[in-house]
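The structure appears right after this line, and notes come after that.
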Protein chains: 2
Amino acid sequence: MVSIKDIAKHAGVSISTVSYALNGNPKVTEETSKRILAVAKELNYVPNAAARTLKKRETRIIGAFLTTFEGAFYGELLQGMKEEMNKHGYDLVICSGTQSHRMLPEGMLDGAIILDRLFSDKELLLHANRGHKLVVLDRKLKHDNIVQVLLDNKAGATFAMEYLLRRGHKKLYAVSGPEGSFDSVQRLAAARQTVERGGPGIRYEELPGNFDKASGAAAARRIIAEYDGPVGVFCLNDEMAIGMYHALKGTPFRIGEHVHVVGFDHIDIADYVQPRLATIDYSERRWGAVAAEQLIKLIEGGSSAEHERIYVSLVEGDSVGRANG
Amino acid sequence: MVSIKDIAKHAGVSISTVSYALNGNPKVTEETSKRILAVAKELNYVPNAAARTLKKRETRIIGAFLTTFEGAFYGELLQGMKEEMNKHGYDLVICSGTQSHRMLPEGMLDGAIILDRLFSDKELLLHANRGHKLVVLDRKLKHDNIVQVLLDNKAGATFAMEYLLRRGHKKLYAVSGPEGSFDSVQRLAAARQTVERGGPGIRYEELPGNFDKASGAAAARRIIAEYDGPVGVFCLNDEMAIGMYHALKGTPFRIGEHVHVVGFDHIDIADYVQPRLATIDYSERRWGAVAAEQLIKLIEGGSSAEHERIYVSLVEGDSVGRANG
DNA sequence: TTGTAAGCGTTATCAA
DNA sequence: TTGATAACGCTTACAA
């Protein structure tokens with residue numbers, strides 16, 4: 001491995017001069033600098049990250065933590081983060097699994113964006129207390145070193161339920177997400193509230209779900225088992241809605257005719273299924289970019305970072321028809 | 001920040017003893033060790049990654065490089081890698097973009113898995129020459145520090161084309177991937193070879209594509225413009241096949257009746273479209289696990305790592321019918 | 001303008 | 001069994 005020491009030797013200067021030259025410090029003459037840079041290039045010099053980090057206490061790397069790489073990989077979200085980070089000279093790496101949590105306290109990351117229920121609130125607060133900067137996308141958490149950038153779940157769930165009500169549906173279901181999910185809790189609460197405000201004569205039931213296709217299919221089977229007329233179903237994410245499509249295939253029940261479905265997330269496949277799935281849309285890319293932006297503010301400490309909300313909108317689809325045919 | 005120096009002070013021992021104790025070195029007494037560990041816990045000590053790396057020249061972190069985060073296509077692959085790496089005490093981070101390439105030469109990674117055309121062969125060979133260990137999933141490259149773990153594209157493309165021929169199709173198309181794509185080149189070559197061996201009376205044409213939905217749709221439009229009877233189409237990936245479904249919607253042409261389509265990759269959506277898409281399947285998870293396994297072998301140097309091939313199989317689907325109705 | 005030297009937090013060698 | 005110390009490669013006062 002070639003170090004600044006080697007460059008110094010070859011160029012006949014001291015290591016500090018080399019360091020200055022490499023970092024573009026104007027103290028060193030144009031001439032010496034040129035010579036040093038040339039030698040560096042010739043020797044194929046690459047700085048050592050560990051040494052630089054040890055000294056400067058920063059890596060210019062941000063970690064985004066996901067629960068798993070599987071399923072919806074949040075492609076656009078991550079791309080949004082990455083582009084924003086790169087603009088500011090940071091690199092983004094994606095991590096998953098408790099084993100990788102060590103990277104934060106060990107100082108390999110300048111900050112982290114959390115979308116991962118495997119991090120407990122307690123653990124995050126611990127890190128924040130140690131001075132690590134965090135953005136959370138999956139919970140509310142109050143700390144000077146943490147900012148939240150959250151989806152407007154309340155608005156989304158309200159749009160979805162109001163859409164079903166507007167179409168005349170009187171028997172409604174909500175299919176929930178997994179136990180610990182923040183999104184699920186928020187969406188469910190808003191759905192419930194919308195029903196309560198929807199006036200009398202509305203039947204409403206909540207079915208357990210898990211944000212995956214299988215649980216959507218299971219919910220569909222429950223719904224048709226007790227079917228006594230058109231129903232409106234708010235699946236708390238699209239994945240489950242797709243599972244519902246699957247389960248109804250080969251039964252006499254039709255989506256958009258007997259079972260009227262709204263999802264959440266506007267995943268790719270929602271536009272390709274028949275009938276097209278009504279869903280709640282938002283810009284993943286923007287979500288990522290905003291999260292990145294706030295984290296950088298937090299790290300660089302200039303203007304104070306602020307909690308942000310990501311707005312959502314309803315995408316109508318043929319998966320929801322009128323209650324009376 | 002609390003360092004081993006602080007622990008040493010509090011425990012009344014030297015820093016070397018602390019280091020030994022923390023690393024479970026049996027030289028130090030059970031008793032002293034216990035005391036030191038207790039102090040470490042009390043002070044909330046966390047080792048500093050940069051310092052350790054500087055000294056030991058290893059991070060126990062592997063990077064997987066993707067061209068982009070978009071498209072949910074590599075989830076299982078990454079999960080397969082991660083699980084295998086974790087088993088061996090390594091962490092996996094996912095990186096994207098040329099900016100992040102620095103992590104490899106700067107020594108922040110013990111090795112890398114490459115699925116990213118933004119890395120040129122030249123660049124990879126440079127890294128390999130410097131002693132960095134690499135696994136490539138998207139090209140052939142010969143070097144002692146590089147092993148290939150490649151999809152069996154040749155078998156897959158052959159299966160796809162033979163399937164169309166077996167169903168009696170005489171007019172065939174292949175829709176290719178983007179220029180530089182290794183997968184595209186390999187699949188196309190195998191498709192061509194299969195046609196040549198398929199006997200006389202077969203018309204075959206190659207259409208340009210880009211592995212995305214839009215280019216699949218464009219190919220579909222070209223095909224129906226010159227339509228004169230049932231055609232068999234091998235889309236070099238599923239994404240383009242889905243684009244073809246989309247383009248044919250609202251035309252008199254039906255998939256599986258006029259236009260018979262086979263894809264490649266067996267993405268999720270392939271099972272959900274109507275009619276179900278015939279495609280080439282393989283275990284992404286296994287692909288990732290094998291790549292990880294080979295990289296670790298390469299890094300740890302014990303048994304010699306070897307180039308590997310990932311096997312594929314045909315999944316039949318209603319998107320392909322017989323040529324004569 | 002350039003050089004000297006201290007120090008970042010570890011590990012590891014050698015002495016005690 | 002424990003301690004003193006050099007070294008890893010780099011940045012950065014401070015001195016020359």
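Reminder, nothing fancy here: chain letters follow the sequence lines and each chain counts from 1. Values below: every heavy atom of this structure, side chains too, minus hydrogens, waters and symmetry copies.
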Checklist line | Under-3.5 Å donor-acceptor pair between B:Tyr20 side chain and C:dT13 base | finding: yes

Check: Between D:dG9 atom P and B:Asn48 atom CG, what is the distance in whole Å?
Finding: 17 Å

Check: Across the strands shown, which category fits A:Thr53 at heavy-atom distances under 4.0 angstrom: base, sugar-phosphate, nothing?
Finding: nothing

Item checked: Side chain to side chain, A:Tyr90 and A:Ile296, heavy atoms closer than 4.5 Å -> yes

Note to self: Just so I know, are the side chains of B:Arg309 and B:Val149 near enough to count as touching, which here means a heavy-atom distance under 4.5 Å?
What the structure shows: no

Next item on the list: Identify whether any heavy atom of B:Ser3 sits under 4.0 Å from a base atom; if not, whether one sits that close to sugar-phosphate; answer base, sugar-phosphate or nothing.
Entry: sugar-phosphate

Next item on the list: Grab the NZ-P distance between B:Lys5 and C:dA6 for me, whole Å please.
Entry: 14 Å

Item checked: Distance in angstrom units between A:Ile36 CD1 and D:dT11 P, rounded -> 13 Å

Note to self: Tell me the closest heavy-atom pair linking B:Asp110 and B:Thr59, and the distance in Å.
What the structure shows: OD1-N, 2.8 Å

Notebook entry, point to check: Within the modelled atom types, does a donor on one side and an acceptor on the other bring the side chain of A:Lys55 and the base of D:dG9 under 3.5 Å apart?
Noted result: no

Note to self: For a 4.5 angstrom cut-off between non-hydrogen side-chain atoms, does B:Met85 reach B:Asp91?
What the structure shows: no

Next item on the list: Before accepting this row, confirm whether a basic side-chain N of the pair A:Glu293/A:Lys87 lies closer than 4.0 Å to the acidic partner's carboxylate O.
Entry: no

Note to self: Angle between the end axes of the helix from C:dT1-D:dA16 to C:dA16-D:dT1, five pairs per end, to the nearest 10 degrees?
What the structure shows: 40°

Next item on the list: Could you label the plane-to-plane angle of the B:Phe65 and B:His101 rings as parallel, tilted or perpendicular, counting under 30° as parallel and over 60° as perpendicular?
Entry: perpendicular

Notebook entry, point to check: NA contact type, A:Ser16, heavy-atom cut-off 4.0 Å: base, sugar-phosphate, or nothing?
Noted result: base

Item checked: Atom-pair distance (CD1 on B:Ile4; P on D:dA4), nearest Å -> 13 Å

Check: Given atom CG of A:Leu54 and atom P of D:dT11, what is their separation to the nearest angstrom?
Finding: 11 Å

Next item on the list: With heavy atoms under 4.0 Å as the rule, sort B:Val46 into base, sugar-phosphate or nothing.
Entry: sugar-phosphate

Margin query: Please report the distance, rounded to the nearest Å, between CG in A:Asn25 and P in C:dT2.
Written below: 11 Å

Below 3.5 Å, can you tabulate the donor-acceptor pairs from side chains in residues 38-48 of chain A to any protein atom, sequence neighbours excluded?
{"residue": "A:Asn48", "atom": "OD1", "partner": "A:Ala50", "partner atom": "N", "Å": "2.8"}
{"residue": "A:Asn48", "atom": "OD1", "partner": "A:Ala51", "partner atom": "N", "Å": "2.8"}

Check: How is B:Thr29 classified with respect to the nucleic acid when contacts are heavy atoms under 4.0 Å: base, sugar-phosphate, or nothing?
Finding: sugar-phosphate

Note to self: Just to be sure I understand the rule, does B:Lys27 reach a base, reach only the sugar-phosphate, or reach nothing, if contact means heavy atoms closer than 4.0 Å?
What the structure shows: base

